[in-house]
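These notes concern the structure reproduced below.
For clarity, every value in this text was computed on a predicted model and none was experimentally measured. Residue indices begin at 1 and follow the sequence shown. Note that ligands are numbered from 1 as they come in the structure, with each ligand's atoms numbered from 1 the same way.
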Amino acid sequence: MSMWIRTIALSIITIWLVGCSSAAQRQLAQDAVTAMGGAEKLMGIQSLIMSGGTGTRTKVGQAKTATGMDQVGQLSNVVETLDFGDARAAFDYDLKVGDFVQHRHEVLTKYPAGAAGKPIGIESIENVTFATTPSGLFSWGTQNSPEWLLKRNAVSIALAASDSASTADAAQDKELDGRMMKYGKGKTHDGEDMGLYFDPETKLLAGFEVLDTETMLGDVDALYILSDYKDVSGVKIPHHIKIRKGGEDFSEVQFASIVANDPKAADVFAIPDLLKQQAETAAKEPDAFPMQLVKVANGVYQARAFRHHSMVVEFPTFVAVVEAPYLDTQTRMLAKAIAAQFPDKPIKYAAVTHFHYDHIGGVRAMAAQGATILVAKDQEPALRKVLEAKHTHPPDDLAKAGDKAGKIETFEGMKEIKEGGQTLQLHTFTGSPHVEPMVMAYVPNGRVLFQSDLWFPMVGAPASPEVVQLMESIQKANLKVDTMVGGHGLVGPYAEMTKAVAALKK
Ligand SMILES: [Zn+2]
């Protein structure tokens, strides 16, 4: 090659490189869609079944102490199904957190099926299933609700980016997970701002960042890192999805296989016959969730929901609730049940037994009802984090409540609420293998004791070290108990528990 040809060639390469690094963001987004197989093919994807997933889910809210490290959940047999055509999505997975193992199945579907259908949720755990409003779905999957799959998947985001990224602004260089990427900005199909990372080598969408309003964490900057793109019916789909929220790991799953447009995808969205009636209600009501007040003693009720229950104590001019579990939807159903049974009696207090997310998921809605949230001093940091989190996108009940919202009130040792002839005592105790500290609630009228996660009344549960420690704590507090009310399980005699403990010690 002669000198001047080489010079020209180098100049062309230089111009090409400069041109490349200053490519408009829109061009990069369109290149990403092309690299995935083209807009037409991507828009032709009606459904995806992503299966054989294994990975982790953090932020399960199962820390041992209020300021301690959370546990990490292990996900396996993960199947995520997306139906773009009908805006339906489903999670099916096994979760392991420490010794706790559970198979969960959470579905966002429509009732009735088809374009005219209204969104509803179906949740199944160990053969128990119910239909709810979509906000009643609780998840420990890769996200807090299958709804997020529709909003945050690579196909929708790539298509939205190619429609919205700037045609004038040049891309910047920005690091993603240790690699330098091309970075631009765009909007989701719902109009949310997002940051976009493009792989300069493969041209594929390597990741995106967007504001997520999490059930428990509130507003967090979320980063989705997409990798292991593999061919799926002529398009390239990422098989590895890592999600970071608020600068910390949230979930990471490697899928073994993904198929597109498999007619079997529809099967997971079918509504079983036994749920038809619940589904109909869920499609009609603003909130639909199992809820029943079961009388335990005079003025004492177990508020029985799906698997997480509360205790309601009636006073002459108000009611107190012990535990606001699961989600805000359950709390709203509880508030409705209380208003129906005790008209004119506000929920003045809502007590917390411990700060595990599945037991405080409805606490924000309780504060929104105006209830003072009663918390043991050593549990306060965990509760403040949840109650003081910003929820803007969309705002939840508490974000909308303004000055009417109830505040946190802390106590040490024992807290007593008394009015007329009714008393509710909250006893803090330490040394439980489950969490530190724990609170049990005692109503002297009727000699009723409520606790969560330690003893499961009337379901045939065996005793465990947690139960032994609970019994010792009851004795230490000198409480005379006849009836046990479970945050899980039903209502049963105290003797059921002492027998189980005696059997364990044999
Ligand atoms: Zn717990």
- Query: If you look at H356, which of its N/O/S atoms is nearest to the Zn ion (ligand 1)?
  - Reply: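 Looking at H356, the N, O or S atom with the least distance to the Zn ion (ligand 1) is ND1.
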
- Message: If I consider every N, O or S atom in H434, which one ends up closest to the Zn ion (ligand 1)? I only need its name.
- Response: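 This turns out to be NE2.
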
- Task: Can you label the angle between the F306 ring and the F130 ring as parallel, tilted or perpendicular, going by 30° and 60°?
- Result: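 Tilted: the ring planes of F306 and F130 meet at 30° to 60°.
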
- Task: To 10°, measure the OD2(D453)-the Zn ion (ligand 1)-NE2(H354) angle for me.
- Result: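 With the Zn ion (ligand 1) as the vertex, the angle is close to 90°.
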
- Got more than 12 heavy atoms from elsewhere within 6.0 Å of CG, D267?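 Counting neighbours around CG of D267, more than 12 heavy atoms of other residues, nucleotides or ligands fall under 6.0 Å, so yes.
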
- Message: Does H105 form a side-chain hydrogen bond (donor to acceptor under 3.5 Å, both in side chains) with E123? I'd like the steps, not just the answer.
- Response: CA-CA 6 Å; H105 183 75; E123 191 166 299; over 6 Å; no

- Task: Would you check, one step at a time, whether the test ring pair (Phe, Tyr, Trp, His ring centres under 6.0 Å) holds for H239 with F255?
- Result: CA-CA 5 Å; H239 284 56; F255 289 96; 7.8 Å; no

